[in-house]
Protein chains: 2
Amino acid sequence: MSFIPPAFTFVVNSFTNDYMAIFSKTCEYAMRAVFYVAQKSHEGQKVGIKEIAEQINSPEAFLAKILQKLSRERLIQSVKGPNGGFYFDAVSLNRPLADIVSAVDGNEIFTGCGLGLTYCSESNPCPLHEEFKKIRNQITHMLNNTTIGKFNLGLIKGKFTLNK
Amino acid sequence: MSFIPPAFTFVVNSFTNDYMAIFSKTCEYAMRAVFYVAQKSHEGQKVGIKEIAEQINSPEAFLAKILQKLSRERLIQSVKGPNGGFYFDAVSLNRPLADIVSAVDGNEIFTGCGLGLTYCSESNPCPLHEEFKKIRNQITHMLNNTTIGKFNLGLIKGKFTLNK
DNA sequence: ACAATAAAAGATATTTTTGTCTTTTATTCC
DNA sequence: GGAATAAAAGACAAAAATATCTTTTATTGT
């Protein structure tokens, strides 16, 4: 008969960055929200922050801050009071997703060096410069060619998810 | 004569994420350090943390933590004491940069959804799924096909920068 | 005008990432 | 074996990102 001790798991200093995505959470929420509101706008409806947050699965108050910022920058439209909410006008629906990303995450993703060097350039390249340029260009291209309203029909048809 | 008030600049809630790069700072430092140490290893030398930190322009104590982690995972070699330091053996020099990135930033960048959705997949795609897949694949490809020692000659010749 | 509604703004709290400092351990050289 | 060296480990601190709560402002319908 042997004594088996309880399985302790104490992480001393695990130290892997928990969740290192390409975009910040702020930006992820922003993009999801924008697609959701766009779809509703296509159907002629305004949406309140509560519904948006529920539907895209984001913290309501935090998302409110994000949309406030987009609103201040006239990237999204909003009206206060009863029957108010967020929506996109026709012009805004045609804006590139890139505008949302740069409003929220800044321009680093479009211009930054993969190794984080300030003075990395064609004439003073980091080792990854050439390869990273391709990646950056592809991201930029995608973000510039994806309009806010691009997925409206697909979303209405239930082809895409924005939740979890 | 007119009174010109002092120019106050109080940022209420500027709220753009300061610096949103593809990789975390931890990962940027790790990659720069790895390339620097690799180059020295090619020349048969070990390097101390102080020199590495200086040469790649990173906070010394912080970089020490990063290299400790890589060392624990046997991705980099180290010896303590006089004439000690960090280096790569032949096997390690041939490891893909992807190993460094996933040790430090995890696997999100290789597998994650662009909109941060946990259950995004081929059968349950987010709007950006297809486009993002291409980008992820390209990043993955680059990281898998770049060995740690790949830029040794270029670095020795001064073709690349790892600093600032 | 007034009550109700919903976003905007302001203030504050929590968590994660980034960064520093001190002590310990392993190795080398004398 | 002892001093010196350099990484490893541990503890702590600061900054940034994420998240929440409260108050104010604008708008609508009655």
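Throughout, a chain's letter reflects where its sequence line sits, starting with A, and its residues are numbered from 1.
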* **Which residue lies more 5' along DNA chain C, comparing Asn17(A) with Ala64(A) via nearest heavy atoms** =>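 With Asn17(A) and Ala64(A) compared, the 5'-side residue is Ala64(A).
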Find the distance [X]:[atom1] to [N]:[atom2] and express it as a whole number of Å.
X	N	atom1	atom2	answer
Glu60(A)	dA6(C)	CD	C1'	11 Å
Gln68(B)	dT25(C)	CD	C1'	12 Å
Leu70(B)	dA9(D)	CG	P	13 Å
Glu108(B)	dT17(C)	CD	C1'	16 Å
Arg74(A)	dA8(C)	CZ	P	10 Å
Glu54(A)	dA6(C)	CD	P	13 Å

By a strict heavy-atom criterion of less than 4.0 Å, which residues belonging to [range] are in contact with DNA chain C?
range	answer
residues 77-88 of chain B	Lys80(B), Gly81(B), Pro82(B)
residues 19-33 of chain B	Ser24(B), Lys25(B), Thr26(B), Tyr29(B)
residues 42-52 of chain A	Val47(A), Gly48(A), Ile49(A)

* Asked: Can the positive tip of Lys46(A) be found less than 6.0 Å from the middle of the six-membered ring of Phe88(A), inside 45° of the ring normal?
  ->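 Relative to the ring axis of Phe88(A), which defines the angle, Lys46(A) lies outside at least one limit.
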* **Nucleotide nearest Pro59(B) (side chain, heavy atoms from C-beta), chosen from dT18(D), dA11(C), dT20(C)** =>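 The nucleotide sitting nearest to the side chain is dT20(C).
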* Under 4.5 Å between any side-chain heavy atoms of His42(B) and Leu153(B), yes or no? ->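 In short, these two side chains touch, coming nearer than 4.5 Å.
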* Under-4.0 Å side-chain N/O to phosphate OP1/OP2 contact, Ser71(B) with dA7(D) ->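 No, because none of the side-chain N or O atoms of Ser71(B) sits under 4.0 Å from OP1 or OP2 of dA7(D).
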* Asked: So, is Arg72(A) near the phosphate of dA7(C), with a side-chain N or O under 4.0 Å from OP1 or OP2?
  ->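 Arg72(A) to dA7(C) OP1/OP2: no side-chain N or O under 4.0 Å.
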* What closest approach, in Å, do Phe23(A) and Gly114(B) show between heavy atoms, and which atom pair accounts for it? ->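 Minimum heavy-atom contact is CD1-O, 3.4 Å.
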* Asked: Nearest heavy-atom pair of Ile148(A) and Ala38(A): which atoms, and what distance?
  ->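 Shortest heavy-atom contact: O-CB, 3.5 Å.
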* **Lys133(A), NZ: over 12 other non-hydrogen atoms inside 6.0 angstrom** =>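 Enclosed: over 12 neighbouring heavy atoms sit under 6.0 Å from NZ of Lys133(A).
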* Asked: Around Tyr119(B), counting heavy atoms of other residues, nucleotides and ligands shown, do more than 12 lie under 6.0 Å from its OH?
  ->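 Atom OH in Tyr119(B) is not packed in, count stays at 12 or less.
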* Asked: What's the verdict on side chain to side chain donor-acceptor pair (under 3.5 Å) for Ser92(B) and Asp89(B), showing C-alpha distance, side-chain angles and the deciding distance?
  -> CA-CA 5 Å; Ser92(B) 297; Asp89(B) 60 28; 2.9 Å; yes
